[in-house]
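Letters go in sequence order (proteins before strands), and every chain restarts at 1.
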Number of protein chains: 2
Amino acid sequence: MTREAEQPQPAFGAHDHAHCTADTLARAEAEAVRLGLRLTPVRRRVLEILLEQHRAMGAYEVLDRLAAEGFGHQPPVAYRALDFLVDNGFAHRVRRLNAFAACMHPGETHAPVFLICRSCNVVAEAAGQPVRSALDAAAAAAGFTVERANIEALGLCPECKARELAS
Amino acid sequence: MTREAEQPQPAFGAHDHAHCTADTLARAEAEAVRLGLRLTPVRRRVLEILLEQHRAMGAYEVLDRLAAEGFGHQPPVAYRALDFLVDNGFAHRVRRLNAFAACMHPGETHAPVFLICRSCNVVAEAAGQPVRSALDAAAAAAGFTVERANIEALGLCPECKARELAS
DNA sequence: AGCCGGATTGTTACATGATAACCTCTCCCT
DNA sequence: AGGGAGAGGTTATCATGTAACAATCCGGCT
Ligand SMILES: [Zn+2]
Ligand SMILES: [Zn+2]
Ligand SMILES: [Zn+2]
Ligand SMILES: [Zn+2]
């Protein structure tokens, strides 16, 4: 039913980000309707904020934005919206950064792998089905059943790698 | 030179843990000597504490133990020792739990994968070379170069799974 | 209309995790 | 002796995440 990743490479490098954002948001909205979930003003706004950049944002960073826009000023306001988004697959938690990133494939079945550039801080969500399979196999070898997984890589994105070589 | 994982499955289930602990500690000490690193009293004690159980411990949990044994009472005491152990491969940070676990394969080249039981909290360090390879491949497809990776799975260990089925 | 109950959003207060900055001591080298 | 690096101790502070409670919104039902 839901497939993964139409295009192999997003996030890094120049692209029509306005379209990228609008498209992802639209798919998220459709998915919310399909699931009967309420994408309320705060929740929707938080998702928009996360979508602005291909980066992960801390809860307090999001909260500052919300507060400046007339929403509540207290941590639970941000955490609740973020938790809602994460629980329902509209965003992901990037544990390495204690931060959150919008899901770029809402509604699709996907095992996300996060590629975090240590130089420019871009966070890309790559297709991780093969990685996940390998993980399941490794776990199975120990008799362990995987329910949820976090797969995160820190390194250099293509742009920053090129820039580093040029120096 | 250094290979990975002699035995396929450790950590879960009953085993000669005294031997398991002593052996791992001995290998860590040998490795410290080989690398010219100083495994000072605090550092060594922290490693011993982490080795006591196949669990991950928070920095403050470790700190309480240190304080009770006459070491410093302040966070940096624990964090410095833990950072030393992590930086030099004697321990790992489990980001999902904001906690630390002793490395069960000190001195060996390894790409650890953590299997965290959500029921009994045991943390096992499984061999992750294949997972890491899949991750590198996925990253390479996006032009990304992986430098460090965190691969953590939450689920049920064999024991807890059996117990759950029995209920 | 009027009422109810659950979901949502706001609040205060607090728990937990992590660092910055500074001081002293010891060991080793000149 | 003098001096610097490394280690470990301190105080103080910052960052991240929750518990618990109050007000409000909203849909469904009399
Ligand atoms: Zn974009
Ligand atoms: Zn980059
Ligand atoms: Zn053991
Ligand atoms: Zn278990």
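Partners of A/R95 according to the side chain to side chain contact (heavy atoms under 4.5 Å, CB included) rule, which considers only residues two or more places apart in sequence or in another chain, are A/R93, A/N150, A/E152, B/R95, B/R96.
Between B/P41 and B/N98, it is B/P41 whose nearest contact on DNA chain D lies nearer the 5' terminus. In this structure, B/P75 and B/V42 both approach DNA chain D, and ranking their closest nucleotides by distance from the 5' end singles out B/V42. Of the residues near DNA chain C, B/R38 and A/F84, the one whose nearest nucleotide (by heavy atom distance) lies more toward the 5' end is A/F84.
Rounded to a whole Å, the CZ atom of B/R96 is 20 Å from the P atom of C/dT16. Spacing between atom CD of A/E69 and atom C1' of C/dT9 amounts to 16 Å, rounded to whole angstrom units. Across the protein-nucleic acid pair, A/H73 atom NE2 and C/dG10 atom P stand 9 Å apart, rounded to whole Å. Here the C1' atom of nucleotide D/dG17 and the CZ atom of A/R93 are 8 Å apart, to the nearest Å. Regarding A/L66, its CG atom lies at a distance of 13 Å from the C1' atom of C/dG10, rounded to whole Å. Between the P atom of D/dG6 and the CG atom of B/L39 lies a distance of 17 Å, rounded to the nearest Å. Rounding to whole angstrom units, CG of residue A/L63 and P of C/dG10 are separated by 10 Å. Per the geometry, CG belonging to B/L97 stands 14 Å off P belonging to D/dG17, to the nearest Å.
Between A/E48 and A/R45 there is a salt bridge, since at least one side-chain N of the basic residue sits less than 4.0 Å from a carboxylate O of the acidic one.
Of the side-chain N and O atoms in B/R95, none sit less than 4.0 angstrom from OP1 or OP2 of C/dA18. Between A/Q74 and C/dT12 there is a side-chain N or O to OP1 or OP2 distance below 4.0 Å. Checking the phosphate oxygens (OP1, OP2) of C/dT19, no side-chain nitrogen or oxygen of B/R80 falls inside 4.0 Å. Under 4.0 angstrom from either OP1 or OP2 of D/dG17 there lies at least one side-chain N or O belonging to A/Y79.
The side-chain heavy atoms of B/R163 and B/S119, taken from C-beta on, include a pair separated by under 4.5 Å. Proximity of A/E52 to A/T21: side-chain heavy atoms (C-beta onward) are nowhere separated by under 4.5 Å.
A donor-acceptor contact under 3.5 Å is formed by the side chain of B/Y60 with the base of C/dA18.
Of the candidate nucleotides D/dG8, C/dA18, C/dT8, C/dT8 has the atom nearest to the side chain of A/R43.
Note that SG of A/C157 and NE2 of A/H54 are 12.0 Å apart. Values are rounded to the nearest 0.5 Å.
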